[in-house]
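Remember, it's 1-based here, ligands and their atoms both numbered in the order they're listed.
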Amino acid sequence: MNSMKSYLLLLSTLCIAVLFSRCTGKMSAQNATQSSRSTKGLKDYYKNYFTMGVAVSPRELRTDAAKLVAEHFASVTPENAMKMGPIHPRENEYFWSDADTIVAFAKKNKMKVRGHTLVWHAQTPNWLFTGANGDTVSKQLLLQRMKDHITTVVNRYKGSIYAWDVVNEAIDDNNQLYLRNTAWYRICGEEFIAKAFEYAHAADPKAVLFYNDYNTENPGKRDRIFKLVKGLKDAGVPIHGVGLQGHWSVNNPSREELEQSIKMFSSLGLQVQVTELDVSVYAGRQGGQLINGQRDTSSTFTAEMEQQQLEKYKMVFDVFRKYKKELTGVTFWNISDRYSWLDGRGRKNYPLLFDRNLQPKKAFWEVVNF
Ligand code: XIL
């Protein structure tokens with residue numbers, strides 16, 4: 001009887017042990033899938049295609065978002081830290097700390113850095129265009145100041161920055177106009193563009209030099225950008241690439257427009273990068289500025305937005321993969337929906353692949369499932 005009892009006890013212990021191990025086995029398999037899902041970064045899915053990057057600020061790199069940046073991206077772009085206003089606030093004063101923080105973060109995590117941007121009309125200090133007596137500077141002095149700026153900044157990060165957006169947004173949006181009417185243009189004429197590339201190349205002959213702009217899929221603007229970069233190329237100016245900013249939205253660009261842009265610019269022997277990618281959940285071009293003046297005040301990420309956005313992300317990454325020979329980099333403009341530069345337009349936007357809790361959105365899985 002006693003031996004019967006101990007036999008039954010042994011049997012039930014065995015059963016419990018088997019059940020338990022099956023159950024924990026299943027759990028660890030589940031954990032493994034989840035963690036391998038989250039530890040495989042965007043950059044790993046795309047390592048045979050192009051460099052995957054993201055725009056960052058030193059402030060965000062001091063938060064938990066830093067881990068996500070290092071896991072998913074192989075390159076960083078300073079969102080603001082290297083623009084002329086922030087980095088060169090007064091003629092004899094540079095502010096390096098923010099840019100240095102980003103470059104150090106990239107080094108520590110073995111990431112590349114895209115420099116952004118040397119010559120632009122926005123976030124540019126007034127001292128640059130103002131002479132000693134308060135009047136507008138001469139062309140000669142402006143080019144000298146530009147040269148000093150470019151030489152100093154490019155030199156400081158030589159070897160750490162592999163590519164620079166040398167000139168940003170020089171073409172006008174208006175189909176009747178060509179170059180944007182900026183202080184650079186008014187004082188120097190068209191020449192400031194070629195000069196910027198020459199100074200950057202002289203400072204770092206190894207850096208890949210880009211002309212960068214938005215609305216590059218809009219046929220009219222695309223033609224004008226093409227005219228500009230072809231002219232530079234033909235004149236022997238050291239330009240190596242065209243940056244398509246990629247501030248897109250749920251209804252733009254179309255596959256055809258996007259393919260056409262990549263084909264046209266690469267036909268000049270220039271590499272193409274998508275430098276500031278985000279997909280606004282509101283209709284319209286250039287980061288959700290609404291067409292017809294309509295403004296959506298809703299701040300909820302609706303199921304419809306989610307669906308439209310994931311379709312757009314799926315389509316553009318399909319195209320990116322198709323043109324992997326022409327396309328050398330894709331950089332997102334901001335890390336997650338916790339913060340986007342598009343939020344500042346009176347409504348919350350949700351333009352990225354990670355949500356406010358830094359978790360991958362449905363669109364993320366569309367982008368990596370291929
Ligand atoms: C934006 C930044 O994201 C904002 O923080 C800043 O206030 C304005 O500039 N095109 C560019 C980027 O080339 O430099 C801009 O970045 C977004 C549009």
Handout entry: Test of ring centre spacing under 6.0 Å for Y199 and H149
Key = no

Handout entry: ligand 1 contact on W333 by region, counting heavy-atom pairs under 4.0 Å
Key = side chain

Completion exercise
Numbered in order shown, the ligand 1 atoms found under 4.0 Å of a heavy atom of K83 are 1 (C), 2 (C), 9 (O), 12 (C), 14 (O), 15 (C), 16 (O)

Problem - salt bridge (charged side-chain N to carboxylate O under 4.0 Å, His left out) against D173, all qualifying residues, sequence neighbours excluded - result: K221

Problem - Residues D98 and R59 bridged, charged N to O under 4.0 Å - result: no

Problem - Ring centers of F370, Y45 separated by less than 6.0 Å - result: no

Exercise for the section: Taking the side chain as every heavy atom from C-beta outward, state whether S75 and M52 have any pair of such atoms under 4.5 Å apart. Expected result: no

Problem - Within reach of ligand 1, part of D165 (heavy-atom separation under 4.0 Å) - result: neither

Handout entry: H116: numbered ligand 1 atoms lying under 4.0 Å from its heavy atoms
Key = 11 (C), 12 (C), 13 (O), 14 (O)

Handout entry: W120, W341, Y339: member with heavy atom nearest to atom 17 (C) of ligand 1
Key = W341

Exercise for the section: Examine H116 together with F210 and report whether their ring centres are nearer than 6.0 Å. Expected result: no

Exercise for the section: Have a look at ligand 1 and work out which part of N168, if any, has a heavy atom under 4.0 Å from it: side chain, backbone, both or neither. Expected result: side chain

Handout entry: Any N/O pair N212/ligand 1 closer than 3.5 Å
Key = no

Problem - Sub-4.0 Å atoms of ligand 1 with respect to non-hydrogen atoms of Q245 - result: 10 (N), 11 (C), 13 (O), 18 (C)

Fill in the blank from the handout: Note: ligand 1 atoms sitting under 4.0 Å from heavy atoms of E276 are 10 (N), 11 (C), 12 (C), 13 (O), 17 (C), 18 (C)

Handout entry: is_close_aromatic(Y157, W164), centroid dist under 6.0 Å
Key = no

Exercise for the section: Give the atoms of ligand 1, by number and element, whose distance to some non-hydrogen atom of Q123 is under 4.0 Å. Expected result: 6 (C), 8 (C), 9 (O)

Handout entry: Ring centers of W96, H88 separated by less than 6.0 Å
Key = no

Fill in the blank from the handout: Under 4.0 Å from one or more heavy atoms of H247, ligand 1 contributes atoms 17 (C), 18 (C)

